Amino acid sequence: MMAKQEPIELPPTITVRELAQKLNVTPIELIKTLMSVGVMAGINQTIDFETAEIVAAELGKEVRLAVPEAEEETEAVGELPQWRKWLMAEPEAKLQPRPPVVAVLGHVDHGKTTLLDAIRNTNVAEREAGGITQHISAYQIEHEGRPITFLDTPGHAAFTSLRARGAKGADLVVLVVAADDGVMPQTREAIAHAKAAQVPIVVAINKIDKPNAQPEKVRRQLADLGLVPQEWGGDTIMVEISAKERLNLDELLEAILLVADTADIRANPQGRVFGTVIEAQVKKGQGVVATLLVQNGTLRVGDVLVAGTAYGKVRALLDFRGQRIKEAGPSTPVGMLGFHDIPQAGSLFFKVKNEKEARKIVEERQEAAKQQTTPTPRMSLEEFFQRLQEGEVKELRLVVKVDVQGSLEPVVRSIEERAKHSEAEVRILHADVGNITENDVMLAAASGAVVVGFNVKADAAARRVAEQEGVSIRTYRVIYNLLDDIEKALKGLLEPEKQEVVLGEAEVLAVFPASKFGKVAGARVRRGVFRRNARVRVLRGDTVVFDGEIGSLKRFQEDVREVREGYEFGLGLKGFKDFQVGDRLICYTIETVPPA
């Protein structure tokens with residue numbers, strides 16, 4: 001008699017890859033089993049014990065929850081306050097003036113990046129795909145001996161949430177409006193973000209060098225939105241500039257410093273170290289590289305940071321030029337190497353004593369998040385299949401990969417927004433940062449999904465598996481192209497239009513008895529071609545006497561796939577034997593055409 005196997009011990013949470021190893025099954029088999037119980041999860045995604053227990057039972061395995069070793073009690077970590085509230089807790093006597101942090105907002109192609117390019121005397125604009133800024137970036141310059149930090153935020157409508165985060169981390173906003181274009185949708189959104197963040201606005205009326213520039217019209221439009229120019233008795237400074245011709249840039253920088261001086265922009269360089277994660281990504285040979293904006297204290301190499309559910313020890317700090325530095329004070333943007341996982345863009349980071357404390361905080365946050373929200377699938381497979389069979393829903397399933405954390409949410413949101421205007425639905429099974437890997441393709445293969453990538457590549461293993469499994473991988477460098485292709489794909493999922501295509505016409509010359517069909521027709525192709533897998537319509541005069549499938553197509557007793565114009569042949573039809581000499585035969589197929 002075989003001894004009963006001991007249950008497999010599992011932790012409270014476990015990745016799909018680790019669970020597959022524990023249960024001794026392949027990751028693809030585990031992913032399919034998860035789908036069968038209504039859970040969509042990628043190979044690196046974490047699931048809780050309850051889900052793992054259900055999946056194990058489906059695979060005939062018994063599991064139990066591992067009992068953790070006793071640990072010292074620690075103070076629970078609650079929800080962190082906003083960084084401005086943290087700043088209020090710093091001793092008043094220790095607060096010192098710090099450089100202003102400026103978010104540059106505005107409509108796409110109104111000249112934000114060109115403006116920063118002119119200020120920094122670099123050439124960022126030409127390096128952007130399609131000339132469009134696709135990520136938040138942070139830079140620092142000096143004007144009259146005083147440093148100013150700029151956040152360059154995307155202007156395309158897809159990146160609304162990025163601009164919102166940019167405004168939240170800023171002390172003031174420079175709103176760039178093209179003098180030849182005026183106020184546009186993203187201009188209004190930028191104003192809304194700045195007002196929501198309660199930060200002052202300086203307006204840069206750009207492109208005044210153009211012959212069709214109308215700066216007064218821009219002022220009127222902005223005044224209608226509540227931004228009244230100072231020269232009209234309002235409190236908004238507006239500076240006419242040309243970023244391309246470098247006109248009046250000094251006046252703009254002076255206006256920024258003037259507004260900054262009226263605000264209480266201070267921090268404690270010796271105080272608690274905290275700030276905002278601007279963006280994060282994985283770089284080959286470096287690991288996770290995060291762009292951080294230090295907002296209080298002084299960040300140094302060797303410090304241990306926590307940001308959301310990510311933590312790490314600072315291995316290196318880089319200034320905006322890519323040069324290594326040892327420390328960074330308030331309002332300084334830095335690149336940081338050392339996070340074990342990719343922190344969420346827009347999250348707050350802060351310094352802790354050591355990595356043990358950091359792990360503890362992250363584990364407690366993960367546990368708290370699990371208690372607050374129980375992950376549930378968007379739709380169970382049973383419900384999905386039932387609705388699909390009933391014709392109620394058609395879905396485009398996607399696995400989405402992008403290059404940096406800051407782009408992930410906007411890209412996903414934009415795809416979902418396109419889906420709102422379509423009868424078809426989009427289900428994003430997995431969305432993450434980094435190049436397209438074999439694991440992404442395996443998930444797509446198991447779920448019938450398409451893999452789309454933004455500013456990423458598919459590695460060799462991913463392409464090999466994609467070819468084997470028949471998975472489509474699409475990569476893009478410009479978001480417009482990605483969204484346009486998604487829209488086309490959604491149209492392709494709609495009920496296609498049916499269209500009849502006539503292949504050929506023949507005339508019945510004789511009728512012969514046949515054991516299988518009762519009677520067959522001897523005919524000659526007058527034009528076109530007759531094919532075995534097509535349909536035939538029998539006309540007697542102008543009356544259709546039969547319309548159906550071909551059962552037999554022969555020449556000289558030999559079965560053939562097709563008969564061309566001028567040749568004679570024998571024809572048997574399924575369910576029809578009443579041929580008469582002189583009948584006209586129309587051979588045709590039904591093809592589907594996607595809606596325009």
Side-chain angles (χ1 to χ4, degrees), residues 13-35 39-47 51-52 55 129 134-135 279-290 309-310 312 337-345 375 396-412 415 426-479 481-482 485-486 489:
T13 60
I14 189 170
T15 67
V16 172
R17 182 197 296 277
E18 292 168 342
L19 182 58
Q21 293 172 346
K22 292 269 190 183
L23 300 180
N24 196 26
V25 298
T26 64
I28 198 79
E29 183 180 354
L30 185 59
I31 289 171
K32 287 183 177 179
T33 308
L34 280 164
M35 290 174 61
V39 178
M40 297 294 181
I43 195 167
N44 294 317
Q45 191 168 334
T46 301
I47 60 175
T51 304
V55 174
Q134 315 238 358
H135 308 139
E279 67 182 14
Q281 59 185 307
V282 177
K283 287 190 175 180
K284 190 174 182 180
Q286 293 181 305
V288 177
V289 180
T309 54
L337 280 65
F339 274 112
H340 294 295
D341 199 1
I342 300 174
Q344 180 72 36
L396 173 63
R397 296 180 174 187
L398 298 176
V399 174
V400 180
K401 296 299 289 288
V402 303
D403 57 342
V404 297
Q405 183 69 37
S407 294
L408 187 60
E409 180 189 343
V411 168
V412 169
I415 292 171
V426 168
R427 182 189 291 194
I428 297 176
L429 303 178
H430 178 59
D432 205 352
V433 174
N435 283 334
I436 297 165
T437 65
E438 181 180 358
N439 300 330
D440 301 316
V441 177
M442 288 170 66
L443 173 60
S447 54
V450 174
V451 182
V452 295
F454 177 58
N455 275 341
V456 295
K457 298 178 180 178
D459 60 33
R463 293 198 175 278
R464 185 173 60 251
V465 174
E467 188 172 345
Q468 293 170 352
E469 300 291 338
V471 174
S472 174
I473 297 177
R474 305 291 296 258
T475 57
Y476 304 86
R477 292 190 68 238
V478 178
I479 192 171
N481 298 340
L482 185 155
D485 278 6
I486 291 294

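These numbers come from the heavy atoms of this one structure, side chains and all, not from hydrogens, waters or symmetry mates. FYI, the numbering just counts along the sequence from 1. Being a predicted model, the structure only gives us computed values, none of them experimental.
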Within this structure, what is the [atom1]-[atom2] distance for the pair [X] and [Y], rounded to the nearest 0.5 Å?
X: Leu429; Y: Ile31; atom1: CG; atom2: CD1; answer: 10.5 Å
X: Leu34; Y: Leu19; atom1: CG; atom2: CG; answer: 7.5 Å
X: Thr33; Y: Ile28; atom1: OG1; atom2: CD1; answer: 10.5 Å
X: Gln405; Y: Glu279; atom1: CD; atom2: CD; answer: 10.0 Å
X: Ile436; Y: Arg463; atom1: CD1; atom2: CZ; answer: 7.0 Å
X: Ile415; Y: Leu398; atom1: CD1; atom2: CG; answer: 5.5 Å

Would a 4.5 Å heavy-atom cut-off, applied to side chains only, mark [X] and [Y] as touching?
X: Val55; Y: Leu30; value: yes
X: Val412; Y: Val402; value: no
X: Arg17; Y: Gln21; value: yes
X: Asn435; Y: Asp459; value: no

Show the nearest heavy-atom pair for residues [X] and [Y], with the distance to one decimal.
X: Asp403; Y: Val433; value: O-CG1, 3.3 Å
X: Phe454; Y: Val411; value: CD2-CG2, 4.0 Å
X: Gly312; Y: His340; value: CA-CD2, 4.0 Å
X: Asp485; Y: Tyr476; value: OD2-OH, 2.8 Å
X: Ala462; Y: Ala458; value: CB-CB, 4.4 Å

For this session: Evaluate the criterion side chain to side chain contact (heavy atoms under 4.5 Å, CB included) for residue pair Val399 and Val471; output intermediate values, then yes/no.
Result: CA-CA 11 Å; Val399 174; Val471 174; over 6 Å; no
For this session: Please check if atom CD in Gln286 has more than 12 non-hydrogen atoms from other residues, nucleotides or ligands closer than 6.0 Å.
Result: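 Count over threshold, so yes.
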For this session: Please lay out, stage by stage, how Asp440 and Ile473 fare under the test side chain to side chain contact (heavy atoms under 4.5 Å, CB included).
Result: CA-CA 10 Å; Asp440 301 316; Ile473 297 177; over 6 Å; no
Exercise. Looking only at atom types and distance, does a side-chain atom of Lys401 sit under 3.5 Å from a main-chain N or O of Asp432, one as donor and one as acceptor?
Worked result: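 No.
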Exercise. Short question: side chain of Asp341, backbone of Ala310 - any donor-acceptor pair under 3.5 Å?
Worked result: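 No, the answer is negative, given that no donor and acceptor are paired below the 3.5 Å cut-off.
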